[in-house]
Amino acid sequence: MTLAPSYTLRLDAETWSTPALAPGRIVAADRSGLVRAFTETGHAAWEVRTGAEITASPTLASLPEPTILIGDHAGTFLALDLATGAERWRQSFGAMIRATAAFTDLDGELGIWLPVYGPRLVRL
């Protein structure tokens, strides 16, 4: 089987991360600090510049609204509205966030696990 690309989504720099997929949105991040959401047809829906390098993948979470979680090398952890890219909240950890956050809902309790540079795994 041979698959042909139907279109290419453009970022500003190379990416080391996996996109987050949600109904109606594809969210990707690149090393320039750009987080960009695309529609299912490949049109840019919104973009946010963090100001620091990103190597983590965006994580889709229900908080309870659909939210994108992403950390950057400045140690900032952001929660962005999936539909608009509006910032819901941010938190600084004082050390690089190079890996992807994990989101869980166990028995009705929210859990966000965030790997922070140095030997730390933080639960929010």
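Bear in mind that the values here come from a model prediction, so they are computed numbers and not experimental data.
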- prompt: Pick from Leu11, Asp72, Val27: which one makes a side-chain contact (heavy atoms from CB on, under 4.5 Å) with Val35?
  reply: Val27
message: Keeping Ser92 on the side-chain end and Thr76 on the backbone end, is there a donor-acceptor pair under 3.5 Å?
response: no
- prompt: Which pairs with one or both residues in residues 29-54 pass ring-ring contact (aromatic ring centres under 6.0 Å, His included), sequence neighbours excluded?
  reply: none
message: In this structure, is the centre-to-centre distance between the rings of Phe77 and Trp89 below 6.0 Å?
response: yes
message: To the nearest 0.5 Å, what is the distance between CD1 on Ile54 and NE2 on His73?
response: 8.5 Å
field: Joint hydrophobic cluster, Leu124 plus Leu110, side-chain heavy atoms closer than 4.5 Å
entry: yes
message: Between Thr55 and Arg98 (side chain of the first, backbone of the second, donor and acceptor by atom type, cut-off under 3.5 Å), is there such a pair?
response: yes
Any donor-acceptor N/O pair, Arg88 side chain to Leu78 backbone, under 3.5 Å: no
message: For Arg10, is the CZ atom crowded, meaning more than 12 foreign heavy atoms sit under 6.0 Å from it?
response: no
task: Please identify each residue that fulfils ring pair (Phe, Tyr, Trp, His ring centres under 6.0 Å) with Phe93, with sequence neighbours left out.
output: none
- request: Could you tell me whether Glu109 and Arg123 have a side-chain N and a carboxylate O separated by less than 4.0 Å?
  value: yes
- request: Check the pair Ser32, Glu14 against side-chain contact (heavy atoms from CB on, under 4.5 Å), reporting the backbone distance first and the verdict last.
  value: CA-CA 8 Å; Ser32 75; Glu14 69 181 355; over 6 Å; no
- prompt: Could Arg31 and Asp12 be called an ion pair, given the rule that one side-chain N must be under 4.0 Å from one carboxylate O?
  reply: no
Intermediate values then yes/no, side-chain contact (heavy atoms from CB on, under 4.5 Å), Trp113 and Leu121: CA-CA 7 Å; Trp113 290 93; Leu121 182 60; 3.8 Å; yes
field: Interatomic spacing from CD in Gln91 to CD1 in Ile97 - rounded to 0.5 Å
entry: 8.5 Å
task: Quick one: pull up OG in Ser57 and CD1 in Ile68 and give me the separation to the nearest 0.5 Å.
output: 11.0 Å
- prompt: Can you tell me if Thr67 uses its side chain to pair, donor with acceptor, with the backbone of Ser62 under 3.5 Å?
  reply: no
- prompt: Should we say atom OH of Tyr117 is surrounded by more than 12 heavy atoms from elsewhere, each under 6.0 Å from it?
  reply: no
query: For Gly24, does its backbone N or O pair with a side-chain atom of Glu40 as donor and acceptor, under 3.5 Å?
result: yes
message: Which heavy atom of Ala56 sits nearest to which heavy atom of Gly71, and what is that distance?
response: CB-O, 4.0 Å
- prompt: Hey, are Arg25 and Thr39 close enough side-chain-wise for a donor-acceptor pair under 3.5 Å?
  reply: no
task: Could you check if a side-chain atom of Asp30 sits within less than 4.5 angstrom of a side-chain atom of Trp16, using non-hydrogen atoms only?
output: no
query: Looking at Leu9 and Gly42, what are the two nearest heavy atoms and their distance?
result: CD2-CA, 3.4 Å
- prompt: Would Leu69 end up clustered with Val116 when hydrophobic side chains under 4.5 Å apart are linked, directly or stepwise?
  reply: yes
message: Ignoring hydrogens, what is the shortest heavy-atom contact between Ala29 and Thr15? Give both atom names and the distance.
response: O-OG1, 2.6 Å
field: Distance (rounded to the nearest 0.5 Å) between Ser17 OG and Ile70 CD1
entry: 6.0 Å
- prompt: What is the distance from atom CD of Glu87 to atom OG1 of Thr50, rounded to the nearest 0.5 Å?
  reply: 10.5 Å
